[in-house]
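We name chains A, B, ... by the order of the sequence lines, and we start the count at 1 in each one.
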Protein chains: 2
Amino acid sequence: MSQDAAYTASRSPEFALLGFLAAGPPTHGYDLHRRLIDELGQVWHASQSQTYNILARLEARGLVGSTVVAQARLPARRLLELTPDGRAQFEAWLAAPTGASIRAMRVDFITRLYFAARLHPEMVPGMVQRELNTAHALLHDLQADLAATPADQPFNRLALDLRIRQLSAVIDWLANCTPNEGVSHAPPLPPDLA
Amino acid sequence: MSQDAAYTASRSPEFALLGFLAAGPPTHGYDLHRRLIDELGQVWHASQSQTYNILARLEARGLVGSTVVAQARLPARRLLELTPDGRAQFEAWLAAPTGASIRAMRVDFITRLYFAARLHPEMVPGMVQRELNTAHALLHDLQADLAATPADQPFNRLALDLRIRQLSAVIDWLANCTPNEGVSHAPPLPPDLA
DNA sequence: CGCGGCTACTCACTCAGTGAGTATACATGA
DNA sequence: TCATGTATACTCACTGAGTGAGTAGCCGCG
């Protein structure tokens, strides 16, 4: 992942995995995969081997370190922990703005919210507001694109129209998006074991 | 691409490229790429080398054949043509239902519409109707998922809520989806930033 | 007459994503 | 009791998505 240059839209749950390690004690791949499915299964879809792939890459990049720990009866675990560099990268990602695309809002932004709610809950309202601003700006751009797309590209116009509608749905959602209150119908998120 | 098993959601524009060959005379990769960008640039995003990669795979799978044609001054072209197998696969894909996911509707379905409008325009209204039915069924499933997601997974609930809103936007779009008439614009959404 | 942009394709690479395999432990119930 | 299934924990080998740089001659433009 290029160091600085905005995390436009991570395409794999690497930061979610880093985040589980940043928000809790060291743990192993099997457990991280299970938590990804349990906690963010509607956001990310990764097979078990995909999770292991990502973790191996994170280790190769020096963001996590590992120690193999034998167990009495069950298979040995490779215990993973964040390196200082890994923690720094995660925090940088968490604080960075989410890329301006619908997918980034659905996937990256919710992941950021998840960890912000646990690690820096005071950041949450500002994040939602910033995201709303980004979404409005993007909506504006898409409308300009649509206006600039000639009638001889009806399918590009169709696609833009759909993206505009979807983005409007994102904006509505953001306006009601208060994870600590639950989603419109969902009950409160406990302040958590700090 | 597994032969039979529904084309759930092609992740690359391979069928669009086959379609350009199915709908017109043999042509070369550079031209196919340009047409992909010009005609469906809001649907698919592929770099030039990605297009060449896909074409090479299609050839390896026997769906297209190629002949290199030298030119007087400009670089030689590799002229591509559909094989009978390629045409059969394309027609099968065109007639198949689009997978039940939001992405599939935004990407696969619009691509199908594009080629259906050119090759079998009489199919279009039925396709839209079928897609509407699929979308309603999916909406129902998502609502059931949301109801089944416990309150201790607030971020899964958040993600489902967003998907439901986006799917509702797809349904609105489908209901107004008449490609040959141009697009009737989405109603302006929240009164914020105009 | 130099410069950027078009035509047309190639190569080498990393990451995404799948599927099958390995080997042990424990619960279930017929 | 003993087969069956499920959970633990990780490994390997593969195809495909996607990027970026490179090549190299041609053409128009000021």
- request: For the residue pair B/R78 and B/T67, confirm or rule out a side-chain donor-acceptor distance under 3.5 Å.
  value: no
- prompt: Can you give one letter per nucleotide of nucleotides 18-27 of chain D, going 5' to 3': B for a protein heavy atom under 4.0 Å from the base, S for sugar-phosphate only, - for none?
  reply: BBB----SSS
- prompt: Considering only heavy atoms, which members of residues 22-33 of chain A lie under 4.0 Å from some atom of DNA chain C?
  reply: none
- request: Round to the nearest Å and state the distance from B/L58 atom CG to D/dA17 atom C1'.
  value: 14 Å
- prompt: Any chance the rings of B/F90 and B/F115 have centres within less than 6.0 Å?
  reply: yes
- request: Examine C/dC6: is either OP1 or OP2 under 4.0 Å from a nitrogen or oxygen in the side chain of B/R34? Give yes or no.
  value: no
query: Could B/E14 and B/R61 be called an ion pair, given the rule that one side-chain N must be under 4.0 Å from one carboxylate O?
result: yes
Value in whole Å for how far the P atom of C/dT22 lies from OH of A/Y52: 17 Å
Contact under 4.0 Å: B/R77 side-chain N or O vs C/dA8 OP1/OP2: yes
- prompt: Just how far, in rounded Å, is P of C/dG17 from CG of A/L55?
  reply: 15 Å
Non-hydrogen atoms of A/A70 and A/A76 that approach each other most closely: CA-CB, 4.0 Å
field: Between D/dG16 (P) and B/I54 (CD1): distance, integer Å
entry: 11 Å
- prompt: Can the positive tip of A/R34 be found less than 6.0 Å from the middle of the six-membered ring of A/Y30, inside 45° of the ring normal?
  reply: no
- request: Using atom CD of A/Q71 as one end and atom P of C/dA25 as the other, report the distance to the nearest whole Å.
  value: 11 Å
- prompt: Can you name the one residue among A/L21, A/L58, A/L63 that meets side chain to side chain contact (heavy atoms under 4.5 Å, CB included) with A/L82?
  reply: A/L21
Length of the line joining B/R78:CZ and C/dT7:C1', which is rounded to integer Å: 16 Å
task: Kindly confirm or rule out a cation-pi arrangement of A/R118 over A/Y114, judged by NZ or CZ under 6.0 Å from the six-membered ring centre and within 45° of its axis?
output: yes
field: Residue pair B/H136 / B/E131, side-chain donor-acceptor N/O under 3.5 Å
entry: no
field: Nearest-Å distance for atom pair CH2/C1', residues A/W44 and C/dC15
entry: 13 Å
message: Under the criterion side chain to side chain donor-acceptor pair (under 3.5 Å), I'd like the reasoning laid out for A/T149 against A/R157: C-alpha separation, chi angles, the key distance, then a yes or no.
response: CA-CA 7 Å; A/T149 301; A/R157 294 182 63 86; 5.6 Å; no
